[in-house]
Amino acid sequence: MPERKNFIREIINDDLRTNKFGGRVHTRFPPEPNGYLHIGHAKSICLNFGLARDYNGLCNLRFDDTNPTKEEVEYVESIERDVRWLGFDWGDRLYYASDYFEQLYEYAVQLTKKGKAYACDLSPDEIREYRGTLTEPGKDSPYRNRTVEENLDLFERMRNGEFPDGSRTLRAKIDMASPNLNMRDPVMYRILHAAHHRTGDRWCIYPMYDWAHGQCDSIERITHSICTLEFTDHRPLYDWFLAELGVYHSQQIEFARLNLTYTVMSKRKLLQLVQEGYVNGWDDARMPTISGLRRRGYTPESIRNFADRIGVARSESTSEVALLEDCLRDDLNKRALRVMAVLRPLKLVIENYPDGVVEELDAVNNPEDSSMGVRKVPISRVLYIEQDDFREHPPKKYFRLSPGAEVRLRYAYIVKCVGVVRNEKTGEITELRCTYDPETKSGSSQSGRRVKGTIHWVSALHAVDAEVRLYSRLFSVENPSGENWRDFINPDSLEVLRQCKVEQSLATAKPQDRFQFERLGYFCVDDDSREGALIFNRAVTLRDTWAKIEKS
RNA sequence: UGCCCGGUGGUGUAAUUGGCAACACGUCUGACUCUGGAUCAGAAAAGUCCAGGUUCGAGCCCUGGCCGGGCAGCCA
């Protein structure tokens, strides 16, 4: 059962102990198909499906599609794809709130017959006025005391399309003086002559979320209805509906939604980022959407692990992206193939290496997992190394190449820098001249020589060209909030490098393949990548202690 | 100045239901290393929002404050 503890599991354990739901655990993930899922939804998905998994229960996928003006099949499809990609399975339990429209309507008729619901002719503005304020009670609608017959008649005619949008609503008759605004005769149905993505034009009245949700849970026999904190105040209303209807009652449990540093999480803001062109779509690799994270190179495992590690609680909190990044590194460190790629190439010529000779060197595919084997990497006289790996005037503690210094070429030889070639006009160094020591070949007796630094490289003759996209945080502040949140967008969140040289073995890499570029980070082949036009996304850098040293 | 919900190292969670505050990330040392990766060892960092109370004993219970968040859509 539950090894990981949180308050929700404690509640479930209690319910199991008292046999509250006959030993069942049945949850659901209920997204509205009005946008793409993000990492915050992933938390909820992992929570709900995880509970079902750990307690031998079930978890439904249910679309909360009660507002046809905002919902689309495109979103339905992306949501299904994302949940599946995260590794969860709803079996044959794919539901829609719209599946229950008829049942919901009947429930509403029942309440009306009981004198607990009424047709109201107040306009939206009037309803707001009558509702009162946070500190003052509201007042009864003048239509509140219509007869049951009249209410039934009006409600049916609402359904039949006799009235224009906004002209009438069906409201619950509860208490206009309740300190809980949700109880001040909430609207149950509104008139909306809009086509619904599933029910077409069968309906012109649509249930409000508050009216639909609890009953949907009830119909599906959900035991634990887990939602976010802002619905806490709505729970009394849901309880009231269920009690008046006398139907099965799920237990609602609220938890704090995920916030992440250096990003935004609201659907509204994410939509704005897309629409205003700050990113290239919902699946832009900088987006905290599940599709964005996937494109960036995140694995389902790493996201699930993240969800586990952040835990669940009722206090509002903001997790650090560093934890998310750690989860990815942790996962990919064990699984990703190591390869060599040079992002900003600097030519290096080994003067004493015979021209025309090519040697095949052994390179390990993953030092964490010897079962992943070794591969051959070709070396020849001319190589590319990283510009960062050479300094004409090396700072202290710099272990890489500089004039006169020695460094090991990963899996190959120790080389010594014996000269540089400059661009005559700019003085910029365009080429390094080196000599190598044939005795120091990797794997050979090692000749007792040791050097402080090892750098990656790629043979010029064999290198494959590639484009690499380097991503950093989308925002430059931890908490980009307020009206001017867009001002905090990091202008350098994407850097595109087009002259990159990667090792031969990458030539046939396919979208979603992930690699560790040694000493640089984890990279994922972009969806737009093709053979001959490779594109890699940097998912996350490696921990870089040198970068830290250099900063200080 | 209504109702509801929160408050534990920098961050996120935990504390056997009242028993000397733990884990992870992050930070900083050091070891090791043909990735300045990984790994390993260690350190700093909260005395649990405040004040009272109950108790042998309170992060957990009680009272009163303080601070933060949510709620006045025919959105979800």
Side-chain angles (χ1 to χ4, degrees), chain A residues 4-6 10 30-32 34 64-67 69-71 120 122-124 127-129 131-138 165-171 178-184 186-192 205-206 208-210 212-213 227-236 254 256 258 261 267 309-320 322-327 329-330 333-334 338 340 364 366-368 397-400 407-412 414 440 442-443 446 450-456 478 516-521 541-550:
Chain A
R4 189 159 214 106
K5 295 199 86 171
N6 62 51
E10 256 164 53
E32 183 192 14
N34 69 341
D64 248 314
D65 55 350
T66 54
N67 185 354
T69 66
K70 291 187 174 171
E71 297 148 7
C120 181
L122 254 25
S123 71
I127 286 190
R128 187 172 356 97
E129 283 167 30
R131 184 155 36 223
T133 69
L134 293 176
T135 52
E136 301 161 86
D165 287 3
S167 61
R168 284 195 164 84
T169 57
L170 185 78
R171 294 226 258 162
S178 172
N180 182 344
L181 301 239
N182 296 300
M183 302 298 270
R184 319 243 261 228
V187 171
M188 295 164 63
Y189 277 94
R190 70 294 211 180
I191 301 173
L192 233 42
I205 56 171
Y206 289 94
M208 296 290 290
Y209 173 87
D210 275 353
H213 198 82
C227 65
T228 43
L229 254 25
E230 67 269 30
F231 293 104
T232 308
D233 287 341
H234 297 237
R235 179 157 27 93
E254 308 87 12
L258 171 67
T261 54
K267 278 189 188 174
R309 294 221 250 163
I310 57 177
V312 190
R314 282 186 63 95
S315 60
E316 298 170 59
S317 56
T318 303
S319 295
E320 293 178 339
L323 181 62
L324 215 209
E325 293 171 343
D326 184 68
C327 291
R329 289 193 192 101
D330 183 56
N333 174 47
K334 291 173 285 194
R338 310 291 129 117
M340 292 199 284
V364 307
N366 188 333
E368 305 293 314
K397 287 197 186 163
Y398 185 83
F399 305 154
R400 283 112 97 148
V407 76
R408 174 172 288 282
L409 296 176
R410 180 83 159 142
Y411 303 126
I414 290 174
T440 59
S442 230
Q446 194 162 344
R450 291 205 157 191
V451 286
K452 205 84 189 221
T454 298
I455 65 175
H456 61 278
E478 282 199 357
Q516 184 197 99
F517 288 1
E518 293 214 29
R519 302 206 306 134
L520 298 175
T541 62
L542 250 29
R543 283 203 187 84
D544 191 348
T545 51
W546 167 243
K548 269 180 206 163
I549 295 171
E550 215 182 13

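Chain naming here is simple, since letters A, B, ... match the order of the sequence lines and numbering starts at 1 in each. The structure presented is a predicted model; accordingly, all values stated were derived computationally and were not measured.
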Inset, instruction - With heavy atoms under 4.0 Å as the rule, sort A/L170 into base, sugar-phosphate or nothing. - result: nothing
Legend entry - Option from A/R400, A/M340, A/R408 for which side-chain contact (heavy atoms from CB on, under 4.5 Å) with A/I455 holds: A/R400
Inset, instruction - Please determine if a side-chain N or O atom of A/S317 lies less than 4.0 Å away from the OP1 or OP2 oxygen of B/U13. - result: yes
Inset, instruction - May I ask you to verify whether the side chain of A/D544 and the base of B/G36 hold a donor-acceptor pair under 3.5 Å? - result: no
Inset, instruction - Just compare B/A76, B/C25, B/G36 and give me whichever is closest to any side-chain atom of A/F399. - result: B/G36
Legend entry - Syn/anti state of B/G30 by chi, 90° boundary around 0: anti
Legend entry - Nucleotide nearest A/S315 when distance is taken to its side chain, options B/A24, B/C71, B/G7: B/G7
Legend entry - Donor-acceptor pair between A/T69 and A/N67 side chains, under 3.5 angstrom: yes
Inset, instruction - Output the single nucleotide from B/C5, B/A76, B/U13 whose closest atom is nearest the side chain of A/H234. - result: B/A76
Legend entry - Pairwise side-chain contact, A/Q516 with A/R338, heavy-atom cut-off 4.5 Å (strictly under): yes
Legend entry - Test of ring centre spacing under 6.0 Å for A/W546 and A/Y398: yes
Inset, instruction - Please state the P separation for the pair B/A58 and B/U16 - nearest whole angstrom. - result: 16 Å
Legend entry - Between B/G2 (P) and A/R131 (CZ): distance, integer Å: 20 Å
Legend entry - P-based separation of B/U54 from B/C62 [nearest Å]: 15 Å
Inset, instruction - Check if the side chain of A/E368 and the base of B/G37 share a donor-acceptor pair of N or O atoms closer than 3.5 Å. - result: yes
Inset, instruction - Side chain of A/T545 only, please: which of B/C4, B/A76, B/G36 is the nearest? - result: B/G36
Legend entry - Verdict with supporting geometry, A/L258 and A/I310, side-chain contact (heavy atoms from CB on, under 4.5 Å): CA-CA 9 Å; A/L258 171 67; A/I310 57 177; 4.0 Å; yes
Inset, instruction - Output yes when A/R235 and A/E254 qualify as a salt bridge under the 4.0 Å nitrogen-oxygen rule, no when they do not. - result: yes
Inset, instruction - Under a 3.5 Å limit for both distances, which nucleotide forms a Watson-Crick or G-U wobble pair with B/U1, could you say? - result: none
Legend entry - base_contact_polar (B/G73 base, A/R128 side chain, donor-acceptor, <3.5 Å): no
Legend entry - Nucleotide nearest A/R450 when distance is taken to its side chain, options B/G6, B/U33, B/C25: B/U33
Inset, instruction - Compare the minimum distances between each of B/C4, B/G70, B/A72 and the side chain of A/L134, then state the nucleotide with the smallest one. - result: B/A72
Inset, instruction - State which of B/G2, B/G37, B/A24 makes the closest approach to the side chain of A/R338. - result: B/G37
Inset, instruction - Give A/E254 one of three labels, base, sugar-phosphate or nothing, depending on what nucleic acid heavy atoms sit under 4.0 Å from its own. - result: nothing
Legend entry - Pairing partner (Watson-Crick or G-U wobble, both distances under 3.5 angstrom) of B/G10: B/C25
Legend entry - Verdict with reasoning, A/R329 to A/T541, per side-chain contact (heavy atoms from CB on, under 4.5 Å): CA-CA 8 Å; A/R329 289 193 192 101; A/T541 62; 3.8 Å; yes
Legend entry - Presence of A/R519 side-chain N/O under 4.0 Å of B/G36 phosphate oxygens OP1/OP2: yes
Legend entry - Sugar-phosphate only, base, or nothing, as touched by A/V312 at under 4.0 Å among non-hydrogen atoms: sugar-phosphate
Inset, instruction - Using only side-chain N and O atoms of A/T133, determine if any of them is under 4.0 Å from OP1 or OP2 of B/G2. - result: no
Inset, instruction - Send over the distance from A/D233 CG to B/A76 P, rounded to a whole Å. - result: 17 Å
Legend entry - side-chain N/O A/R309 vs B/A14 OP1/OP2, d < 4.0 Å: no
Inset, instruction - Please tell me which of the listed nucleotides, B/C5, B/A14, B/G73, lies nearest to the side chain of A/N6? - result: B/A14
Inset, instruction - Report yes if at least one side-chain N or O of A/R408 is closer than 4.0 Å to OP1 or OP2 of B/U35; otherwise report no. - result: no
Inset, instruction - Report yes if a side-chain nitrogen or oxygen of A/R235 is closer than 4.0 Å to either non-bridging phosphate oxygen (OP1 or OP2) of B/C4; otherwise report no. - result: no
Inset, instruction - Give a yes or no on whether a donor-acceptor pair under 3.5 Å exists between the nucleobase atoms of B/G70, that is its base, and the side chain of A/E316. - result: no
Inset, instruction - Scan A/R184 against the nucleic acid and name what it touches under 4.0 Å (heavy atoms): base, sugar-phosphate only, or nothing. - result: nothing
Inset, instruction - Compare the minimum distances between each of B/C74, B/G36, B/A76 and the side chain of A/Y209, then state the nucleotide with the smallest one. - result: B/A76
Inset, instruction - Give one of base, sugar-phosphate or nothing for A/R410, where a contact means two heavy atoms less than 4.0 Å apart. - result: base
Inset, instruction - Find the distance A/I205:CD1 to B/C74:P and express it as a whole number of Å. - result: 16 Å
Inset, instruction - Ignoring backbone atoms, establish whether A/K548 has a side-chain N or O less than 4.0 Å from OP1 or OP2 of B/C28. - result: yes
Inset, instruction - Would you tell me if any nitrogen or oxygen in the side chain of A/S123 comes within less than 4.0 Å of OP1 or OP2 on B/C74? - result: no
Legend entry - Whichever of A/N180 and A/I549 has its nearest RNA chain B nucleotide further upstream toward 5': A/N180
